[in-house]
Amino acid sequence: MGLPEYNPEEVEKKWQERWEREKTFSSSVDNRKKYYILEMFPYTSGSIHIGHVRNYTIGDVVAHFKRMKGYNVLHPIGFDAFGLPAENAAIEKGVHPKKWTYANIDNLRRQLKRLGFSYDWEREVITCDRNYYRWNQWFFIKFYEKGLVYQKKAPANWCPACSTVLANEQVIEGKCYRCETPIIQKNLNQWFLKITEYADELLEEIEKMDWPSTVKKMQVNWIGKSKGMQIDFEIAESGEKISVYTTRPDTIFGATYLVLSPFHPLSEKLAEKDPLLKSEIELMRKEQLIKGEVEKRGVFAGIWAVNPVNREKIPVWIANYVLMEYGTGAIMAVPAHDTRDFEFALKYNLPIRVVVLPPGEKNPDVVLKEAYTGEGIMVNSGQFNGMPSEKAREKMSQWMVYQKIGIPKVHYKLRDWCISRQRYWGTPIPVIYCERCGVVTVPEKDLPVELPFDVEITGKGGSPLAKVESFVECTCPECGGRARRETDTMDTFVDSSWYFLRYTGKGKDDLPFDREEASYWMPVDQYIGGIEHAILHLLYSRFFTKALRDIGLLDIGEPFTRLLTQGMVIKDGAKMSKSKGNVVDPEMIIKEYGADTLRGFILFAAPPEVDLEWKQEGLEGVNRFLKRVWRLILENGAKWKEKLEEIYKEREDDKDNENELKVMVNKTIEKVTQDIEQRFRFNTALASLMEFVNYLYAYPDKRSSVFKESLQVLILLLYPFTPHIAQELADRMGCKKELFSCEWPTFKRSLLRSDKITLVVQVNGRLRDRLTIFSNQKKEDIEKEVLKRDKVKRYTQGKKIKKIIHVPGKLINIVVE
RNA sequence: GCCGGAGUGGCGGAAUUGGCAGACGCAGUGGACUUAAAAUCCACUGGGCUAUUUGCCCGUGCCGGUUCGAGUCCGGCCUCCGGCACCA
């Protein structure tokens with residue numbers, strides 16, 4: 001036949017080299033409308049895996065599409081390069097973390113280029129570069145000045161295996177998010193970012209975001225806002241105050257005892273006087289430090305409190321189920337209406353008094369089998385008896401405020417973000433401890449505090465930096481006296497909280513990012529990444545953006561307008577992982593089938609947000625499709641046209657064929673456009689392209705100019721998905737331009753439907769017949785014709801027609817009795 | 001326990017606003033080409049009853065409802081997946 005065969009490796013390398021040489025996808029500020037598309041940058045351990053390929057392919061489709069739609073597209077990439085794995089490699093293999101990391105980056109970069117992603121490589125960001133992490137330090141100092149950073153001694157989540165502190169968000173089911181070692185608590189002096197200051201704003205604005213509702217919900221739950229009352233109880237003997245926090249002030253008449261956390265200051269005080277109590281409290285403290293549910297235990301504190309609403313004397317207990325970190329560290333126990341209090345009261349035989357009567361219940365002294373936590377009618381509650389509990393909640397709150405017993409209070413589950421890590425491979429915290437001046441931040445001119453290269457990493461005995469004397473010992477920038485440097489480094493989530501801002505400028509080093517460029521490009525229009533970052537990274541980035549706005553560096557408060565969370569790639573029913581041995585290496589696939597086939601398959605196999613089951617056979621299907629496209633184009637050697645016009649022409653004397661082909665082309669354009677633009681459904685977009693190709697193969701008149709233009713449309717529509725083959729075929733057709741600069745084909749509305757339509761005919765909702773009609777036929781004529789059909793008569797004969805439902809162009813349903 | 005999400009052929013999935021269930025692809029079956037294989041092309045492919053086609057019945061996790069019409073909406077369950085979890 002003499003047609004060149006499809007050789008993906010040759011084609012792909014040719015264009016990849018050209019894209020690199022000519023910096024094809026480089027972008028800069030201009031007067032077009034901008035579009036910032038971003039995928040979560042890769043962590044620099046090892047090599048690219050299929051999950052990355054999925055993430056980046058989705059982004060690349062959108063980037064190409066938007067370019068063709070005329071947007072000025074920013075599509076950058078970089079590397080998240082600090083973190084524990086680099087140190088683990090050092091411990092296991094004896095490689096320096098820096099060498100290991102940069103070697104990995106070289107490999108990742110090569111692999112990404114081999115996949116042909118349209119990145120602007122001039123904007124590459126590497127978070128372990130001194131020119132990047134110096135800005136982490138600079139932000140730290142700015143935040144410190146603004147009061148958004150503080151240090152405190154606090155019990156910290158400590159991972160014994162990693163010998164470091166972890167943030168709350170990094171503790172998953174009581175275990176380390178990285179190594180799954182059970183977490184213990186340790187009291188340490190640590191640095192915190194005041195994310196709680198933004199709790200309300202983070203909560204309010206999440207509602208408005210075009211994000212998946214699951215992610216929004218997860219963040220809302222994580223912030224965990226609750227509205228209630230802080231109520232003061234008095235200790236009977238001394239008149240001292242104990243404040244409790246409750247969301248159910250309406251149940252206060254049912255409070256039959258009070259409970260203190262074992263960490264409560266009063267528990268501490270009582271323990272001092274009573275050695276027996278002290279040992280009990282210490283035991284409970286230990287129990288509480290174990291994450292997860294522990295059997296409820298408690299002890300009578302030996303004192304009594306007075307319920308402010310009815311002056312009743314109630315016992316004070318200390319129990320392991322009350323947390324010091326939330327509310328006031330003390331609660332009023334209402335066993336009748338709280339499941340935990342109920343369980344505890346049963347165990348220690350404490351009184352249970354019903355104050356909210358469940359609907360249908362008449363007896364105010366009913367004996368409950370379990371706590372009733374719903375709403376109902378108030379009983380045993382003095383002047384509030386007979387009121388619905390929702391209303392009582394409001395009235396009693398007002399009354400308590402008036403009586404000066406309590407005040408309304410809002411609490412959050414969100415905690416401040418602890419950023420101290422006792423590790424080497426991270427950003428040094430720019431703080432100096434001076435014997436005379438105390439805590440001093442490093443002056444801006446001395447930044448960056450550079451991470452020393454010569455260090456011994458053993459994984460044991462605390463921070464490796466603490467052992468580097470040349471690093472630790474320094475002079476105080478204020479008094480010039482002897483001082484010591486902070487040896488903790490920052491959580492790597494700090495690095496990823498602003499990298500998207502760094503991309504907006506090209507390597508300017510007098511500022512973290514150029515304000516003008518940032519205000520042009522930001523916010524990110526579309527962000528794409530794994531659902532596993534729903535809380536951590538996405539919440540931190542939102543906080544950072546707001547904090548940067550408040551120190552005057554940004555005009556916006558939300559970094560990511562639209563978010564897509566892609567599903568995992570699964571093989572043999574499990575997430576791909578080395579330990580399970582079910583990993584598929586993208587490079588092997590590329591070698592065998594080419595990058596276009598890999599990209600095509602991963603888009604075709606499932607919608608982006610759904611988990612994708614890896615099936616080698618499916619890959620071959622997409623490869624077959626690309627080969628079919630290759631042959632279709634080359635066999636019919638059409639010439640590339642500057643402007644498409646034949647496919648939009650409407651002519652009365654069109655042959656059926658021709659009209660149908662035009663409809664097919666226009667419908668395919670519409671479908672692919674909508675699937676990319678509105679729905680992110682690349683699987684159905686590709687399916688419609690496959691249908692289109694099947695149709696073109698079967699088309700009888702392959703010499704017509706409409707057919708030839710159709711081939712060009714096919715190439716243009718295919719380009720975002722499988723750019724190399726599309727570009728090559730366009731080139732062979734004589735296209736002088738790169739496809740990204742070609743216009744995305746439009747469709748003509750009047751050509752979305754052919755003259756002849758197949759109408760579905762139902763009788764009583766059941767399909768009985770099909771009828772071909774002309775789109776301009778009158779409604780009444782169609783109905784008459786339908787009723788004459790044999791297949792219809794069979795079901796309507798001798799029956800009364802009640803009504804006819806006619807959905808024009810779609811179906812007719814004849815309803816008979 | 002609480003909060004999300006999802007259940008459709010042998011498989012991945014499609015059906016966008018309530019209107020032909022199963023697009024597209026995989027696997028499978030039959031055929032063409034071939035000395036043969038690969039590649040490619042063509043046809044069939046949810047289940048059952050019919051058996052010449054026509055045709056009829058059943059079918060989207062289960063039970064019920066709304067509607068001319070339900071995979072889609074409503075009520076009640078079941079199962080699986082994800083998140084949070086002594087948060088007062």
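The chains referred to below are lettered A, B, ... by the order of the sequence lines, with proteins before strands, and numbering in each begins at 1.
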On RNA chain B, more 5' by nearest nucleotide between A/Ile331 and A/Lys217 is A/Lys217

P-based separation of B/rC20 from B/rA36 [nearest Å]
47 Å

Could you tell me which residues satisfy salt bridge (charged side-chain N to carboxylate O under 4.0 Å, His left out) with A/Glu532, sequence neighbours excluded, listed by chain and number?
none

Determine the interplanar angle of the A/Trp417 and A/Tyr540 rings, folded into 0 to 90°, and report it as parallel if under 30°, tilted if 30 to 60°, perpendicular if over 60°.
parallel

For a quick check, with a 4.0 angstrom heavy-atom cut-off, what is the B/S/- contact string for nucleotides 16-29 of chain B, read 5' to 3'?
B--BB--BBSSS--

Please enumerate all residues that pass salt bridge (charged side-chain N to carboxylate O under 4.0 Å, His left out) together with A/Arg770, with sequence neighbours excluded.
none

Pairwise P distance for B/rU67 and B/rC57, with rounding to whole Å
23 Å

Send over the distance from A/Asn764 CG to B/rC56 C1', rounded to a whole Å.
16 Å

Residue A/Asn221, side-chain atoms from C-beta onward, closest of B/rC3, B/rC57, B/rG12:
B/rC3

Taking the nucleotide of RNA chain B with the nearest heavy atom to each, does A/Ala605 or A/Ser213 sit closer to the 5' end?
A/Ser213

Whole angstrom value for the distance that separates P of B/rA88 from CD1 of A/Ile318
22 Å

For B/rA14, does either OP1 or OP2 sit under 4.0 Å from a side-chain N or O belonging to A/Arg681?
yes

The side chain of A/Thr214 lies closest to which of these nucleotides: B/rU40, B/rG4, B/rC86?
B/rG4

Atom CZ of A/Phe344 and atom C1' of B/rC86 are separated, to the nearest Å, by 12 Å

Any ion pair linking A/Arg393 and A/Glu375 (charged N to carboxylate O, less than 4.0 Å)?
yes

Base, sugar-phosphate or nothing for A/Arg768? Non-hydrogen atoms, less than 4.0 Å.
sugar-phosphate

Mind checking the C1' distance from B/rG76 to B/rC86? Whole angstroms is fine.
31 Å

Can B/rG9 be described as syn, meaning its chi torsion is within 90° of 0, or is it anti?
syn

Rounded to whole Å, NZ of A/Lys571 lies from P of B/rG12 at a distance of 16 Å

Holding to salt bridge (charged side-chain N to carboxylate O under 4.0 Å, His left out), I want the full list of residues that pass it with A/Lys225, two or more places apart in sequence or in another chain.
A/Asp200

Sugar-phosphate only, base, or nothing, as touched by A/Asp611 at under 4.0 Å among non-hydrogen atoms
sugar-phosphate

Could you tell me how far B/rA23 sits from B/rG9 if I compare only their C1' atoms? Round to whole Å.
14 Å

Atom CG of A/Leu634 and atom P of B/rU40 are separated, to the nearest Å, by 16 Å

A/Tyr593: ring pair (Phe, Tyr, Trp, His ring centres under 6.0 Å) partners, not counting sequence neighbours
none

Taking only the C1' atom of each, what is the distance from B/rU66 to B/rU52 in whole angstrom?
43 Å

For A/Glu677, look at atom CD and say whether over 12 heavy atoms of other residues, nucleotides or ligands are found less than 6.0 Å away.
yes

Check the distance between B/rC84's C1' and A/Leu539's CG and give it to me in whole angstrom.
14 Å

Look at the side-chain N and O atoms of A/Tyr326 and state whether any lies under 4.0 Å from the OP1 or OP2 oxygen of B/rA88.
yes

Who pairs with A/Lys347 by side-chain hydrogen bond (donor to acceptor under 3.5 Å, both in side chains), at least two apart in sequence or on another chain?
A/Glu295

Not counting sequence neighbours, which residues clear side-chain hydrogen bond (donor to acceptor under 3.5 Å, both in side chains) with A/Tyr257? List them please.
none

Once you apply a heavy-atom cut-off of 4.0 Å, does A/Tyr795 come out as touching a base, just sugar-phosphate, or nothing?
sugar-phosphate

Got a sec, which residues hit salt bridge (charged side-chain N to carboxylate O under 4.0 Å, His left out) with A/Arg542, two or more places apart in sequence or on another chain?
A/Glu558

When the P atoms of B/rC11 and B/rU17 are considered, how many whole Å apart are they?
27 Å

Atom CD1 of A/Ile252 and atom P of B/rA88 are separated, to the nearest Å, by 17 Å

Determine the contact category for A/Val259: base if any of its heavy atoms lies under 4.0 Å from a base atom, sugar-phosphate if only primed atoms, P, OP1 or OP2 are that close, otherwise nothing.
nothing

Can you tabulate the close N/O pairs, meaning under 3.5 Å, that link protein atoms to atoms of nucleotides 48-54 of chain B?
none

Does the pair A/Glu287/A/Arg297 count as a salt bridge with the N-to-O cut at 4.0 Å?
yes

Donor-acceptor pairs under 3.5 angstrom involving side-chain atoms of residues 678-685 of chain A: please list them, not counting sequence neighbours.
from     : atom 1 : to       : atom 2 : distance (Å)
A/Arg679 : NE     : A/Asp675 : OD1    : 3.2
A/Arg679 : NH2    : A/Asp675 : OD1    : 3.1
A/Arg679 : NH2    : A/Thr684 : OG1    : 3.4
A/Thr684 : OG1    : A/Asp675 : OD2    : 2.8
A/Thr684 : OG1    : A/Arg681 : O      : 3.1

Using the C1' atom as the point on both nucleotides, what is the distance between B/rA70 and B/rU8, in whole Å?
14 Å

With sequence neighbours left out, the residues meeting ring pair (Phe, Tyr, Trp, His ring centres under 6.0 Å) with A/Tyr699 are A/Phe707

Please confirm whether A/His537 and A/Phe493 have ring centers closer than 6.0 angstrom.
no

When rounded to whole Å, the CD to P distance for the pair A/Glu635 and B/rA39 reads 18 Å

Taking atom P in both B/rC56 and B/rA21, what distance in whole Å separates the two?
13 Å

For RNA chain B, just give me the dot-bracket, please: Watson-Crick or G-U, both distances below 3.5 Å, ( ) intra-strand, [ ] crossing earlier pairs, | paired with another strand, . unpaired.
(((((((..(((......[....))).(((((.......))))).((((.....))))..(((((..]....))))))))))))....

